[in-house]
Undergrad: 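Here it is, the structure in full.
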Amino acid sequence: MCGIVGYLGKGIAQDSLIDGLRRLEYRGYDSAGVAFHEGNAFSMTRETGRVKNLANLVKRKSSKSSLGIAHTRWATHGSVTVSNTHPHVSHDGKFVMVHNGVIENFGTFKRFLTNKGIKFSSETDSEVLCNLIAYHYSELPDGDDRFVDAIRQALPKCRGAYGVAVLCLDYPDTMIGARRGSPLVVGLGDDANFIASDASAFVGRAKEAVFLNDGELAILNGSDFRITNLEGQEAQAVALPVDQISEEVELGDFDSYMEKEIYEQPTALKNTLRGRFGDDGTTSKLGGLEGHDEVLRDLDRIIFVACGTARHACMVGEYLIERLARVPVEVEHASEFRYRNSPKAGKSLVIAVSQSGETLDTLEAVRESKTKGLLTLGITNVVGSSLARETDGGVYQRVGPEIGVASTKAFSSQVCLCAMLGLALGRMRDLSPMDGQSIVEALNQLPGLVAQVLQQGEQIRELAIKYSKAEHLLFLGRQSLYPVALEGALKLKEISYAHAEGYPAAELKHGPIALINPECPSVFIVEGSDLSAKTIANMQEVKARNGPVLAIAPHSVEIPEEAADDVFLLPDSHEVVRPILANLPLQLFAYHFARLRGLDVDKPRNLAKSVTVE
Ligand code: M6R
């Protein structure tokens, strides 16, 4: 949520900052702004809308400054206006700041500062924080540490979350970043150093990245940098190479990241699976779980915490793990889990799943679980993310950066990892070696089957054309395909703004069937099990009420002509991989449906890729 990038170096800051903002735009795209230290004042340029609007203005001004900060915003406090756009400058012009997160008690500071005669020009909590820092600065004696001390005095007073980058007019060679709850990373290059909300902002410009922990400050001074805590004690800086993430963030020949990421899935899944099976070919071997064997063998309950698409992946995981390992599984909305006093039953394991590893609701659920003394594991795609660092162990998805706001390849790999976890837990219990072997084989065949389904993309485009006038759609499936129905509906509504709902197929007759009419298509995801006859009966109920039916079904299931208007066939497959395969046509359906409406699928309205506020 919101992107921050700051540059301090020997060159001109402008191009690096605009380039960084473009790469971070997926985090928020309501408005964008930049501020440069110009010696005796800050020059600011801010504009509503996309980064390209800002870039045109910045190019015309052509600053030569080598110190600047920039921001792309997803609005929280205050509407989308130029005055609410970051950076924010303090009333005395001494400080300029960009901020991610929410300062919950900003009202108290605003009243305090207003009483001191300070006037505000925006509705944001961020402008208040900038002025709070300026206030503390004004109270401190001159000295080398006055800038950092002002920040150290202001931040501990704040409740809520922040990732900030701050400049002070009196320190033309210094940039300070700080985080609590919102991610922040320092980029170290030959000619410049950076502060950013994620490392993609300085790909190609910095060689190493140092991720800040909550409560830490990064003080960049000339070509030096150090990390301290808010009390001023030095903290350890662990530098990781940046080059792994380089070209993966380029769009290449694709029109959108969403399309690119859908078609990357065969490779992404190969990476998720690579080297993760035991030598005897009957189980999976997840490095991040090593050392926890005893707990895993003895579990009474798994609680998944996640949001959005990641939660749907966990719901598929619930079916798979219960089936393979016979361990009770619960799936919680991370945002609800945190405030719910869930009883501590037996030996529970909490697994948090988050593509970004920065979703605040999910992180808070992990923190709450740790307070209760529960073992926490993470499934995340982002190396070095807060989730990776705060859990007791975990597994990386390895699917490369996911930039499209609509999550696609991350879902597939999360489900794949849930299946692998179910397999490992099953083999520790009573899953036979033969069953284990057939699951290993099914998982190894998955990338090839995914490629096969994606080759039928044109058929899905034609179906999207046929149904693209619909404003209301239902998605229906049973068992592990019920969460796939939820995911299909989420994908469609978030990028096309059509209204879509997912239900267990049998629930249809308990209410949603009232919505059925010739203008409301139903998308049925048919399993390849004995249950398919029941789902087909539900399809017939819709057809009997003149509702259009699109069925997604495995090859071997015969769909009677009168039960569906259209059928999209999937290859026959093992049940553990079926949810991943069945979801692919729904991703493509949503993608084409939205494109046919002329919408930007990578930047759907009101959304942001990573939600770092509650
Ligand atoms: O980064 P996370 O996996 O924690 O993100 C969770 C959700 O915000 C995310 O899946 C969201 O629902 C996507 N927009 C869905 O496409």
Side-chain angles (χ1 to χ4, degrees), residues 1-3 26-29 74 100 181-183 197-198 200 256-259 261-262 265 268 304-317 331-338 351-366 378-388 390-391 394-397 399-415 417-418 475 483-484 486-497 500 502 583-584 586-591 593-594 599-614:
M1 182 121 347
C2 304
Y26 71 95
R27 299 177 68 94
Y29 33 84
W74 184 82
N100 288 353
S182 294
S197 41
D198 91 51
S200 62
S256 67
Y257 282 105
M258 182 180 180
E259 187 190 21
E261 288 155 9
I262 289 174
Q265 287 178 100
F304 276 110
V305 289
C307 303
T309 289
R311 194 179 71 87
H312 295 155
C314 297
M315 289 174 72
V316 178
V331 181
E332 298 266 359
H333 288 276
S335 54
E336 289 293 308
F337 177 78
R338 181 186 176 193
I351 306 181
V353 181
S354 168
Q355 186 286 129
S356 61
E358 300 295 350
T359 299
L360 190 63
D361 287 325
T362 308
L363 291 172
E364 290 295 355
V366 168
I379 294 180
T380 184
N381 191 33
V382 179
V383 176
S385 59
S386 301
L387 185 67
E390 292 190 29
T391 41
V395 187
Y396 282 123
Q397 297 181 228
V399 296
E402 191 181 68
I403 307 284
V405 166
S407 187
T408 53
K409 61 179 179 177
F411 171 87
S412 298
S413 81
Q414 286 160 353
V415 173
L417 286 170
C418 286
F475 287 74
V484 172
L486 292 177
E487 176 58 10
L490 173 63
K491 213 81 318 169
L492 189 76
K493 69 184 139 196
E494 73 177 327
I495 59 170
S496 78
Y497 321 140
N583 189 49
L584 301 170
L586 303 185
Q587 293 175 344
L588 284 168
F589 185 77
Y591 167 77
F593 196 100
L599 297 168
D600 181 345
V601 294
D602 282 342
K603 298 187 183 67
R605 73 179 176 212
N606 304 338
L607 293 177
K609 180 67 180 161
S610 160
V611 185
T612 55
V613 290
E614 268 198 84

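Note that the numbering runs from 1 along the sequence shown for the chain. No experiment lies behind these values; they were computed from the predicted model shown. Counting convention: from 1, in listed order, for ligands and their atoms alike.
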Undergrad: For ligand 1, which atoms, with element, lie under 4.0 Å from some heavy atom of Ala406?
TA: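 Once the distances to Ala406 are compared, the set is 16 (O).
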Undergrad: Between Asn100 and Ser197, what is the shortest heavy-atom contact and its length?
TA: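 So the minimum-distance heavy-atom pair works out to ND2-CB, 3.5 Å.
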Undergrad: State, without any angle test, whether Ser407 and Glu402 hold a side-chain donor-acceptor pair at a distance under 3.5 Å.
TA: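 Distance-only check passes for Ser407 and Glu402.
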Undergrad: Run the numbers for me: atoms of ligand 1, each under 4.0 Å from some heavy atom of Ser354, listed by number.
TA: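 Reading through ligand 1 atom by atom, the close ones are 1 (O), 2 (P), 3 (O), 4 (O).
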Undergrad: Where's the contact between Glu358 and ligand 1, heavy-atom distance under 4.0 Å: side chain, backbone, both or neither?
TA: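 Answer for Glu358: neither.
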Undergrad: Kindly indicate, with the supporting measurements, whether the criterion side-chain contact (heavy atoms from CB on, under 4.5 Å) is fulfilled by Lys603 and Val405.
TA: CA-CA 6 Å; Lys603 298 187 183 67; Val405 166; 5.5 Å; no
Undergrad: Distance to 0.1 Å, residue and atom name: give those for the protein heavy atom nearest to atom 3 (O) of ligand 1.
TA: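 Looking at atom 3 (O) of ligand 1, the protein heavy atom closest to it is Gln355 N, 2.7 Å.
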Undergrad: Tell me: protein heavy atom nearest atom 5 (O) of ligand 1, and distance?
TA: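 It is Thr359 OG1, 3.5 Å.
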Undergrad: Do Ser385 and Glu358 have a side chain donor and acceptor closer than 3.5 Å?
TA: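 There is no such pair (donor and acceptor under 3.5 Å, judged by atom type) between the side chains of Ser385 and Glu358.
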Undergrad: Taking all heavy atoms of Ala306 and all of Thr362, pick out the closest pair and write down the distance.
TA: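 In this case the closest contact between Ala306 and Thr362 is CA-OG1, 4.0 Å.
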Undergrad: Considering only protein heavy atoms, which is closest to atom 14 (N) of ligand 1, and at what distance to one decimal place?
TA: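 Closest protein heavy atom to atom 14 (N) of ligand 1: Glu494 OE1, 2.8 Å.
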Undergrad: Looking only at distance, does Val405 have an N or O less than 3.5 Å from an N or O of ligand 1?
TA: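 Among all N and O atoms of Val405, at least one is under 3.5 Å from an N or O of ligand 1.
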Undergrad: If the cut-off is 4.0 Å to any non-hydrogen atom of Ser407, which atoms of ligand 1 fall inside it?
TA: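 Numbered from 1, ligand 1 contributes 15 (C), 16 (O).
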Undergrad: Please report the closest heavy-atom contact between Thr380 and Ser354, naming both atoms and the distance.
TA: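 Heavy atoms only, the tightest pair is OG1-O, 2.8 Å.
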Undergrad: Quick check: does Lys491 get an N/O under 3.5 Å from an N/O on ligand 1?
TA: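 Among all N and O atoms of Lys491, at least one is under 3.5 Å from an N or O of ligand 1.
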Undergrad: Considering non-hydrogen atoms only, spot the tightest contact between Ser256 and Tyr591 and give its length.
TA: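 What the structure gives for the nearest pair is OG-CE1, 3.4 Å.
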Undergrad: To which protein heavy atom is atom 7 (C) of ligand 1 closest, and what is the distance rounded to 0.1 Å?
TA: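 In this structure, atom 7 (C) of ligand 1 has Cys307 O, 3.7 Å as its nearest protein heavy atom.
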Undergrad: Would you say the side-chain atoms of Thr408 and Gln587 include a donor-acceptor pair closer than 3.5 Å?
TA: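 There is no such pair (donor and acceptor under 3.5 Å, judged by atom type) between the side chains of Thr408 and Gln587.
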Undergrad: Please state which protein non-hydrogen atom is closest to atom 8 (O) of ligand 1 and give its distance, to 0.1 Å?
TA: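 Its nearest protein heavy-atom neighbour is Val611 CG2, 4.2 Å.
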Undergrad: Quick test of your reading of the structure: of Ala310, Ser356, Pro604, whose heavy atom lies closest to atom 1 (O) of ligand 1?
TA: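 Heavy atom nearest to atom 1 (O) of ligand 1 belongs to Ser356.
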Undergrad: Could you walk me through whether Leu490 and Phe411 pass side-chain contact (heavy atoms from CB on, under 4.5 Å), step by step?
TA: CA-CA 12 Å; Leu490 173 63; Phe411 171 87; over 6 Å; no
Undergrad: Short N/O distance, under 3.5 Å, between Thr309 and ligand 1?
TA: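 It does: an N or O of Thr309 is found under 3.5 Å from an N or O of ligand 1.
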